[in-house]
Amino acid sequence: MKWLGLDWDEGPFRQTERFDIYRAYGEKLLSEGKAYRCYCTPEELEIRRQETIEQGKSYKYDGRCRDIKDQIDKPFVLRFKMKQTGTTIINDLIKGPVHYDNSQLDDLIIIRSDNTPTYNFCVVVDDVDMKITHVIRGDDHLNNTPKQIQIYQALGWTSPQFAHLPMILGSDKTRLSKRHGATSVIAYKDLGYLPEALLNYLARLGWSHGDQEIFSLQELIELFNFENLGKSAAIFNPEKLLWLNSQYIMKMRPEDIALRVIPFLKNDGINTDNIDIKWLVRLIILLQERAKTLLEMSKSIKIYIEDNYQIDEKARQKFLNPQGIANLTEMVQELDKLLPFTAESIGSLFKEFSETRGIKLKDIAQTVRVALTGSTASPGLFEIIELLGKERTLKRLKSVLGGIF
RNA sequence: GUCCCCAUCGUCUAGAGGCCGAGGACAUUGCCCUUUCAAGGCAGUAACACGGGUUCGAAUCCCGUUGGGGACGCCA
C-alpha cells in the first residue's frame with residue numbers, strides 16, 4: 001500500500017492480539033442464550049456433510065446441539081444461534097437489497113474447540129468494538145453477510161453499511177488469485193510499473209467517471225463514489241495497464257524518472273555513482289515516449305552508458321554491408337571535422353552527405369544508427385549523436401569499422 | 001448440487017424510457033507524419049446474450065432462459 005502511495009489512519013490491528021475481546025463477546029452471547037455449546041466433532045460433521053452431498057442436497061449444520069441444557073465433559077465449540085424463520089436483508093450500497101431466507105443460514109461456529117475465535121466472528125466484533133460505519137470488500141463476502149448481520153443484531157448493534165465490490169478476474173475469467181499468474185502488486189514494481197499507473201488502472205476497473213481514463217491520486221480521492229461503481233466482475237487487462245504506464249512515463253518530469261530508473265540501472269549491474277544526472281535527464285527526455293516501463297527505459301539507457309553493446313545480426317547484415325561500411329567510413333571523417341557538434345549541425349551534415357552522394361537520408365542514417373546503437377530502432381539519431389558527444393560517437397563508429405577490417 | 005451476484009464491442013466502460021441508426025479508452029487494421037522506433041493525427045472493423053412482457057416508445061423497467069462469477073470449513 002505504501003508503494004502505491006496509499007496511507008491509512010489507524011492500525012494495523014492484529015486479531016491474534018485481541019482474542020480476549022472476542023472470547024468475552026462469545027461468553028456474552030452464550031450467557032444470553034444467543035449461542036450454544038456444540039459437541040459434534042469435526043469427523044462427525046465431515047461424515048454428515050458427505051452424506052448430504054451424496055444425496056444431492058446442500059449441507060447445513062442441523063442444529064442438533066442447540067437444546068442441550070447440561071454442560072457435557074467433552075470438547076466443544078461455540079455456535080451462534082441463527083434465526084430459523086424470516087428473512088435477512090442486506091441493503092448493499094452497490095448491489096441494492098439482497099434477500100436471504102433465514103432457513104438456509106446455519107449456526108456458524110464463533111469460537112473453536114481450542115478457544116480461538118473464527119474469522120466471521122472476529123470481523124463483526126471488531127466492527128462493533130471499533131464503531132465501524134462502512135464495510136467495503138469483495139463480493140465474495142456477500143454470502144457471509146447475512147450471518148454477520150444477525151450477529152451484529154445479537155450484539156445489540158446496528159450493522160454497518162455494506163458495499164460489495166465486484167471481483168477482478170484473470171484473463172481465463174476465474175478469480176484473480178496467487179495461483180494463476182496473478183502477479184502480486186509488488187511484482188509490478190519490479191517489472192517497471194509506476195505505482196500511480198497501477199493505482200489508476202485498478203481504480204478504473206469497476207469504477208468510472210464519464211470518459212476520463214487518467215486520474216491523479218488527488219482526483220481519485222475527490223471523485224470516487226459508490227454511484228459510479230459497476231456491479232459486474234472485470235477482467236484484468238495487462239495491455240491497458242501497460243498503455244497507462246506509458247502515458248504516465250510520458251507525462252512525468254524527466255528528473256523524477258531519473259530518480260526512479262536508477263535502481264533499475266543498479267540492478268542491471270551499472271555503476272550509477274559517476275553518472276552525470278543532467279546527461280541522464282537529457283537521455284531520458286529522448287526515451288520518454290518510447291519506453292513503456294521503467295525496466296524498458298533502463299535497458300535502453302544501458303546502451304548509451306556502456307560501450308560494449310551488441311549489434312543485432314540481421315541489422316548488421318542489412319546495413320553494415322560493403323556499401324554501408326564505405327559510407328560509414330566517410331561519415332566518420334565528416335563527423336570528425338564537424339564543429340559545432342550539435343543535433344542541428346549533425347542533421348545538416350547528414351542531409352548534405354546524402355544529397356551530394358545521391359543516396360537517401362535514411363540509408364546513411366540507418367547505417368550509423370545500427371553502428372552506434374546496435375539496433376535499427378532508437379530515438380532521433382542526431383540527438384543521440386549529440387548526447388554521446390563527438391569523442392564517444394567516433395570511438396563507437398571506429399570500433400565497428402575496426403571490427404570489420 | 002444448493003444459495004447469492006452479474007450480463008453493452010476481444011477487454012475496461014458511458015448509458016438513470018425518447019438526446020442511441022449506442023459514445024470513449026485499450027487492443028487491432030489502414031492512411032498521414034517521418035532518419036528508424038515510438039509518440040501524435042485521421043479513418044475503419046467491432047457490442048446492447050436470447051425469449052417473452054410493460055409502454056405510443058426499452059440497451060435502460062418486469063419475468064423467464066442461457067451464460068459467467070462467487071459462496072457453501074473448528075480457512076481467512
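A, B, ... follow the sequence lines: proteins, then strands. Residue 1 opens every chain. Values below: all heavy atoms of this structure, side chains included; hydrogens, waters and symmetry mates excluded. Keep in mind it's a predicted model, so treat the numbers as computed, not measured.
A donor-acceptor contact shorter than 3.5 Å links the side chain of A/N245 to the backbone of A/L194. The main-chain N or O of A/K231 is found under 3.5 Å from a side-chain atom of A/K95 such that the two form a donor-acceptor pair.
Distance A/R204 CZ to B/A25 C1': 7 Å, rounded to the nearest Å. Rounded to whole Å, atom P of B/A71 lies 15 Å from atom CD1 of A/I90. B/G67 atom P lies 13 Å from atom NZ of A/K173, rounded to whole Å.
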Sort me out a list of protein N/O and nucleotides 4-7 of chain B N/O pairs below 3.5 Å, or just none if empty.
| from | atom 1 | to | atom 2 | distance (Å) |
| --- | --- | --- | --- | --- |
| B/C4 | O2' | A/Y100 | OH | 3.1 |
| B/C5 | O2' | A/K95 | NZ | 2.8 |

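Comparing the P positions of B/G23 and B/A14 gives an interatomic distance of 15 Å, to the nearest angstrom. For the P atom pair drawn from B/G40 and B/G67, the interatomic distance equals 42 Å after rounding to whole Å. The P atoms of B/U66 and B/G57 are separated by 29 Å, rounded to the nearest whole Å. Distance check on atom P: B/C26 versus B/C61 gives 29 Å, rounded to whole Å. Annotation: B/C42 and B/C6 have their C1' atoms spaced 38 Å apart (nearest Å). Atom C1' of B/A58 sits at a distance of 34 Å from the matching atom of B/U2, rounded to the whole Å. For the P atoms, the distance from B/G30 to B/A38 is 13 Å, rounded to whole Å. Taking atom C1' on both B/C4 and B/C9, the two are 29 Å apart, rounded to the nearest angstrom.
The nearest heavy atom of RNA chain B to A/T41 and to A/H209 marks one nucleotide each, and the one closer to the 5' end goes with A/H209. Of the residues near RNA chain B, A/P117 and A/R49, the one whose nearest nucleotide (by heavy atom distance) lies more toward the 5' end is A/R49.
A salt bridge links A/R392 to A/D307: one of the charged nitrogens lies within less than 4.0 Å of a carboxylate oxygen. Under the 4.0 Å criterion applied to side-chain N and carboxylate O atoms, A/E32 and A/K28 are assigned as salt-bridge partners.
Using N1 to N3 plus N6-O4 or O6-N4 for Watson-Crick, or N1-O2 and O6-N3 for G-U wobble, each under 3.5 Å, B/U54 pairs with nothing. With both pairing distances under 3.5 Å, B/U60 is matched to nothing as a Watson-Crick or G-U wobble pair. Checking B/A43 for Watson-Crick or G-U wobble geometry (two distances, each under 3.5 Å) identifies B/U29 as its partner.
Remark: A/R260 fails to qualify as a cation-pi partner of A/F264 under the 6.0 Å distance and 45° angle criteria applied to the six-membered ring.
Counting atom types as modelled, A/E213 pairs a side-chain N or O with a base atom of B/G24 as donor and acceptor under 3.5 Å.
No side-chain donor-acceptor contact under 3.5 Å links A/N237 and A/Y201.
At the phosphate of B/C75, OP1 or OP2 sits under 4.0 Å from a side-chain N or O atom of A/R112.
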**Request:** Encode nucleotides 33-39 of chain B as B, S and - characters from 5' to 3', where the letter depends on protein heavy atoms closer than 4.0 Å: B to the base, S only to sugar-phosphate, - to neither.
**Result:** --BBBBS
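By the 30° and 60° cut-offs, the orientation of the rings of A/Y188 relative to A/Y193 is perpendicular.
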